[in-house]
Amino acid sequence: MRLVTIRRITQGFFLVLMIGSCLVNRVGDRWYELRGWPVSWLLELDPLVGLATVLTTGSLYKGLLWGTLTLALTALLGRFFCGWLCPLGTLQQMVGAWTDKGRRPKARAYGRQSHPGQKIKYLLLTALLTMAGVELVCPLVDLSGQGGWIPPVAVILAGIVLIRTGQKTPWKRSTGWAMAVAGSLCLMLGNLLPGNRLLAAGLQTGILDPIPLVYRSVSLVVLPLISPDGTFVVVTGGLLTGGVFVLVLALSAWRPRFYCRYVCPLGALLGLTVRWSVWRMGRQDKNGDACTGCGRCDHHCEGACDPANEIQWAECVLCYNCRDDCPERIMGYSTRPSTTGENPGPDLSRRAVLTAGATGAILLPLARLGDPLGVGWRPDLVRPPGSLTEEAFLNRCIKCGLCMRVCPTNVIQPTVLEAGIEGLWTPRLDFRLGSSGCQHNCIACGSVCPTAAIRPLALEERMGTASFADKGPVRIGTAFMDRGRCLPWAMGIPCIVCQENCPVSPKAITTRTIMETVAGLDRLIVQQVSSRAVHLNLPFTRSPLAGGDYFLAGPAGPQNALRITGLQAGWIQVAGDPAGAGFRQQTPAAVVVRLQQPYVDPLHCIGCGVCQHECPVRGRAAIRVTSENETRSRAHALLAGTGLPHSKD
Amino acid sequence: MSEASEKFTVTPMERWVGFGVLLTLAAIAFGIYRVQFRFNPAVTARQAFSEPAAAMETIALAALAPDVIQPFSPPEQFDPDTLSDKINGKAELYFSAGFRSLTTQRFALTDNPALWFELFVYDMGTARNAFSVFSMQRRGGLEAGGPTLFAYATPNGRFLAHDRFYLELVGAEASEPLMAAADAMARTFVENIGADVAEVTEMALFPEEGRVEGSRSLVSSDAFGITGFDQVFTAEYQYDGIPVTAYVARRETAEAAGTAARVVRDFYLEYGGTPLAAPENIAVIDILDTIEVVLSHEQYVIGVHEAPDRETALGLAERIRKRLQETVDDRS
């Protein structure tokens, strides 16, 4: 079997694996549900996820060690991940192959030749990694910190030593100069900009990283559209998510693997890694004169790596098509370098790299000028249970959409601008769109999160039982009554839906009962009295007076009102003896309603949002959950005092 | 593929590499297969939470759905430990009536998924219990009728008791197509279960004349506020527009029935009632200008609650006793 065929089988395998991972990502134990399927394994194989989270957090989450295997194999074999594993690459390849069918060989070859624009992805990677790692220089510029002046001065001195000792070694001299300049810059920044808000780091690789992109697109757009399990799923920002996905595929119809070549930061990272690879594609004719220049090696080249000439080794995705197409059999995969030379690439100018890095470093501080993580935090941004503090959360979330897909009530939705540009596609809870609120006995989102942006919770911790009893349940926010919209508060209409549906025990919503005269039914005159009914000059009313909450008050006042049990032709039937309650002919009477006005107890409310979901006031609910009092943030505590949740930050 | 590739010969090295890759894929597939048996904590947590009780049977609700609707959510199951998570506000009512399990699932119209209803199937253990929760929640003035003897409808809901099950089909909104689908699903459920409420024998003891249709109920516990007065069937009658409640409760023995009748009598006397002249073995009490009658006959307690006068109360109680005697005679 040809290796090209093997490669296609492998691509198909991983594409099915990715789609299957998204498909089964629903809580349940049947074979087509979550069970123990490793739904995030492909994400864990992505080394960019691991590298970026290491830069932002200084730690590598357990599953992300798989990424080091990918990096090691890439260093050994080349960009096999892009050409053989990446599902987005496979999808693009399918689109490219399909659209290429109608093209002439020359046009086909033209679209597969290398292009200077392929450097863009390296610059994007530089910008994204700078954004992720910029805080690493904090110890150098924080002159008031533990080290004081010592770290930057040490760097300068080490640089001078390198310059002095490396007179004949260019890389030592360059490194020495770089260290001296960097140390000086740090000293300057530390003096001029104490408190350095300029050094804000954040994880934004997930926006462009192909694996989170394809997971997100399939989970949030493709599967809800085709609805394989027969459910109707609502997804906010579907047009944006789907639009990006369609654009990526559409561009690959114009230029095969457009995204891989020009945009993909993961491809760029792997392209940098192959510089030291042992095996590589290239021309293997011993004398370098066997090539007839037919150009067939370009016809199906997936990486646009110019295999016939000086091969752009960083661009080669090991598609093996050139070997398949070459009539002279001079293309091969070997430890020997290509006879026509190879460019390990990429050829990037220092200026371009510095510009990209500086752009990445400045974008996040600009986005955070409004202080969205401090005093400017958004209370309507409710994160899933187990989410880290907002800053730590943004430093880990890769926007893959796994938590949104697995949520059994579909209450976790992607943000568009609710969390600012920085939080695009991160998960938030929308209690109106889901089929219910956040289920307080569910730990699914944290259990599938590949980076622990939503940390995995034990059920006991989520519910505040067993050894977590002293800490109480995990709170994601607190419900607030909008008295201007609440039926009992604003309109005198009986309703206790929120109280009835509150799932915590004891209930976080309590009610206080009041008796209130019904407008328009407050100046009635008794016409006639019988043993269980009173005849009144009752006007037409749409109020369901016999619902059990309405009473007829007479001379004895509302305290002694009789419950209305029926209504018939001007007669109000009551439970009890009207005469005993003081009703006589021509005495005044009024209909009063018993209202149970709801109150939220912040000590018991966990912010699950079931009340908001069930509130009968359509549109903007009369009870709404905000992130006040969420467990993850001490700064968002609602009340001082005991009983409040223990903070994680 | 080009002409060249058609003539392509695979080198032994490539063959070995290809074989190695396929082997790796097989190993990955096998590894994934093995891993899927180690359940995700989210799944085990859910299993632990919704694991059916020993006596609980799984009902495949989706299989009962007519063509016009489709599942809108996965089925959920609750037992006595978890019922409060679903219906916290009303759970006590079900517990007192012998609740065993609840299965729920949402269904939406295929052509308009915005219209959905949630089906609640309460397994109450016995038909008596199922009828009890059905009757305790029924409100007056609602349209009776449905696939069973005990069923009623609201604009956005269908409620019925059938065998040991109490069903609620509650729609997101009052929609005719949605309720038609709910009716069809309820009918299918009833046809699948088969049995009906024949077990509830006390129901037949209430005479039809004057009885308000759909007013028969079963109070599981503490009827009329009398502690321990459990499993009491009631029915409402109308006398000149005045409601009167009749009740029947069956006990294990005639002695137990006599004791229960005395407990009821003593309750009313304790709360200020005045005993009136009455036939032998019948207590007639005037309390707050209403008349209470209670008596025991064989294993049954028979009573009339809040009657307007002595004659009405005694007359109704006598009619029930006569019906009971006829039933006993028929059996013997």
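Excluded from the calculations below are hydrogen atoms, water molecules and symmetry mates; all remaining heavy atoms, backbone and side chain alike, are included. So that the names make sense, note that chain A is the first sequence line, chain B the second, and so on, each numbered from 1.
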Distance in Å, [X] [atom1] paired with [Y] [atom2], rounded so as to fall on 0.5 Å steps:
X: B:L22; Y: A:T5; atom1: CG; atom2: OG1; value: 10.0 Å
X: B:F19; Y: A:M1; atom1: CZ; atom2: CE; value: 11.0 Å
X: A:E33; Y: B:Q36; atom1: CD; atom2: CD; value: 12.5 Å
X: B:E76; Y: A:S436; atom1: CD; atom2: OG; value: 8.0 Å
X: B:N40; Y: A:S40; atom1: CG; atom2: OG; value: 9.0 Å
X: A:L17; Y: B:L25; atom1: CG; atom2: CG; value: 10.0 Å

Worked check of side chain to side chain contact (heavy atoms under 4.5 Å, CB included) between A:F13 and B:T24: CA-CA 11 Å; A:F13 176 86; B:T24 307; over 6 Å; no
What are the two closest heavy atoms between [X] and [Y], and how far apart are they?
X: A:S447; Y: B:P41; answer: OG-CB, 4.2 Å
X: A:V27; Y: B:A42; answer: CG1-O, 4.0 Å
X: A:I6; Y: B:V21; answer: CG2-CG1, 3.5 Å

More than 12 heavy atoms from other groups under 6.0 Å of CG on B:D67: no
Flag if over 12 foreign heavy atoms under 6.0 Å of OH, B:Y33: no
Which portion of A:I443 sits near chain B, non-hydrogen atoms under 4.5 angstrom: both
Proximal component of A:E614, with respect to chain B [non-hydrogen, under 4.5 Å]: side chain
Interface moiety of B:R106 toward chain A, non-hydrogen atoms closer than 4.5 Å: side chain
Atom group of B:E118 that falls short of 4.5 Å from chain A, counting heavy atoms: neither
Pick from A:W37, A:W84, A:Y333, A:W41 with the largest number of heavy-atom pairs that fall under 4.5 Å of chain B: A:W37
Candidates A:R2, A:R329, A:R323 - the one meeting salt bridge (Lys or Arg N to Asp or Glu O under 4.0 Å) with B:E14: A:R323
